[in-house]
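A, B, ... follow the sequence lines: proteins, then strands. Residue 1 opens every chain. In what follows, every heavy atom counts, from backbone to side chain, and hydrogens, waters and symmetry copies are set aside.
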2 protein chains.
Amino acid sequence: MSTPAPGLREQRKARTRKAIQEHALRLFLADGYDATTVERIASAAGVSHMTFFRYFPSKEAVVENDEYDPLLIEFIRTQPAELGPLTALRNAVVLGMREVYDTDKDALLARTRLILTTPALRGRQWRNGDSTQRLFAEALATRTGGDITFELRVLAAAVLGALSTALTAWVEGDGAEDLPSLMERGFDVLGHLDS
Amino acid sequence: MSTPAPGLREQRKARTRKAIQEHALRLFLADGYDATTVERIASAAGVSHMTFFRYFPSKEAVVENDEYDPLLIEFIRTQPAELGPLTALRNAVVLGMREVYDTDKDALLARTRLILTTPALRGRQWRNGDSTQRLFAEALATRTGGDITFELRVLAAAVLGALSTALTAWVEGDGAEDLPSLMERGFDVLGHLDS
DNA sequence: CTGAAATTGTTATTGACTACCAACTGGTAT
DNA sequence: ATACCAGTTGGTAGTCAATAACAATTTCAG
């Protein structure tokens with residue numbers, strides 16, 4: 001179902017999609033986000049601007065990466081039920097991030113820097129954070145068979161705040177520090193917010 | 001300096017600015033954000049669309065409200081130094097919010113609902129949250145004469161997450177619950193994130 | 001091989017936003 | 001009062017993101 005028979009059609013579509021995304025990233029990093037027009041990206045990828053918008057709903061969307069969320073959700077669900085929600089979330093995040101980080105570090109740094117330094121993309125990212133918060137709260141709730149409570153939503157939002165702070169600090173330090181460690185530090189802070 | 005001699009010119013400018021903002025809000029609430037063009041707002045306010053952009057950098061910006069931040073910063077700074085940062089922030093936020101809430105509740109609800117239900121505005125709001133986080137961290141740091149640390153930044157981000165969750169829940173309940181109380185509940189959750 | 005469906009390109013349109021220039025208005029010096 | 005100057009405004013034209021309509025092309029199924 002996730003792979004609906006890889007006919008010639010699907011292969012071409014996948015190739016086109018990847019081409020658009022790669023050329024877009026390359027041009028954004030080279031010339032800047034605002035200075036790169038959709039028309040330019042499309043022609044670099046060998047398609048028309050109409051086709052661009054058939055593959056991505058907006059210019060901003062081409063930078064997004066939805067791969068992480070499903071992986072994280074799975075990690076959250078499989079955490080032992082006796083763990084508290086913060087610990088479960090911490091384990092899942094560190095687990096997932098370590099994997100991405102070790103294989104994709106440079107690309108992740110470039111992409112994150114691009115997002116954080118481009119106002120339009122920063123807004124978009126946070127807008128996604130909103131749905132990520134919902135996903136986190138939901139995963140935490142189903143893990144213990146409970147409902148999504150106000151408390152879980154606040155926890156998910158706080159964790160996202162900590163994670164985005166870690167990402168920001170990581171980029172500010174030009175990727176010199178270990179990102180998963182920064183995130184663990186963020187979780188540590190959340191665990192001692194009693195003063 | 002904040003009032004550069006109220007000559008006729010300044011008065012006119014202030015009046016024009018307010019007229020644009022009020023007509024914009026009215027039209028947004030009546031017809032929806034996307035269905036309202038800048039041209040329409042401008043003509044309703046009796047100016048050209050060029051003048052609109054001379055007063056506001058974008059269509060989104062006309063919905064913003066920068067009044068709260070300086071007030072909050074002041075409240076944070078004047079909290080007793082012996083309080084922990086979370087408590088200081090809590091007191092300041094509840095103090096400031098109570099004041100706004102008791103005088104502007106209906107307008108606040110309408111405006112917040114508009115922002116939360118309009119994707120473009122939601123993104124914008126979070127983009128501001130980024131600078132608000134910096135302001136919070138800075139205010140907390142100067143309060144005790146210290147530097148802006150990673151810990152303070154995480155704390156500020158977590159608080160903003162809790163506050164936005166409270167706002168969201170408040171709008172979801174159509175303003176039936178007491179917003180400051182919801183925010184206090186959010187702070188309570190943050191104070192017990194040890195599990 | 002032929003027809004149905006999906007994919008794409010061309011063209012045109014809307015709307016946010018900017019640049020440029022000409023007209024006007026409030027404040028100021030004479 | 002007059003004339004001058006700076007700040008404010010509007011009109012026009014332009015760019016760019018995003019959408020719609022239609023025609024041409026290509027893939028797949030029978």
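Atom CD1 of B:Ile41 is separated from atom P of C:dC17 by 10 Å (rounded to the nearest Å). Rounded to whole Å, the distance from CZ on B:Phe53 to P on D:dT15 is 18 Å. Whole-Å rounding puts the B:Glu10 CD to C:dG27 C1' distance at 11 Å. If you take CD of B:Glu60 and P of D:dA17, they are 16 Å apart, rounded to a whole angstrom. Straight-line distance from the CD atom of A:Glu39 to the P atom of D:dA17: 9 Å, rounded to whole Å. If you measure from atom CZ of A:Arg17 to atom P of C:dA6, you get 19 Å, rounded to the nearest angstrom. The distance between atom CE of B:Met50 and atom C1' of C:dC17, rounded to the nearest whole Å, is 9 Å. Atom CD of B:Gln11 and atom C1' of C:dG27 are 14 Å apart (whole Å).
The hydrophobic cluster containing A:Leu179 does not contain A:Val94, counting ILVMFWY residues as joined when their side-chain heavy atoms lie under 4.5 angstrom apart, directly or transitively. Hydrophobic clustering keeps B:Met50 apart from B:Val38 (ILVMFWY residues linked when any side-chain heavy atoms are closer than 4.5 Å, directly or through intermediates).
For B:Arg54 against D:dG7, no side-chain N or O and base N or O form a donor-acceptor pair under 3.5 Å. Remark: the B:Arg12 side chain and the D:dG7 base include no donor-acceptor N/O pair separated by less than 3.5 Å.
With salt bridges taken as basic N to acidic carboxylate O contacts below 4.0 Å, none links A:Arg15 and A:Glu10.
Between B:Tyr55 and the phosphate of D:dT8, there is no side-chain N or O to OP1/OP2 separation shorter than 4.0 Å. Between B:Lys13 and the phosphate of D:dT8, there is a side-chain N or O to OP1/OP2 separation shorter than 4.0 Å. A:Thr51 has a side-chain polar atom (N or O) that falls below the 4.0 Å cut-off from OP1 or OP2 of C:dG9.
Counting non-hydrogen atoms under 4.0 angstrom, B:Phe52 reaches nothing in the nucleic acid.
In this structure, of C:dC17, C:dA16, D:dG11, it is C:dC17 that holds the atom nearest to the side chain of B:His49. For A:Val47, whose side chain is taken as the heavy atoms from C-beta onward, the closest listed nucleotide among C:dA16, C:dG9, D:dG11 is C:dG9.
Relative to the ring axis of B:Tyr33, B:Lys59 places its NZ or CZ within 45° and under 6.0 Å from the centre.
Between B:Phe52 and B:Phe56, the angle of the ring planes lies from 30° to 60°, which puts this pair in the tilted group.
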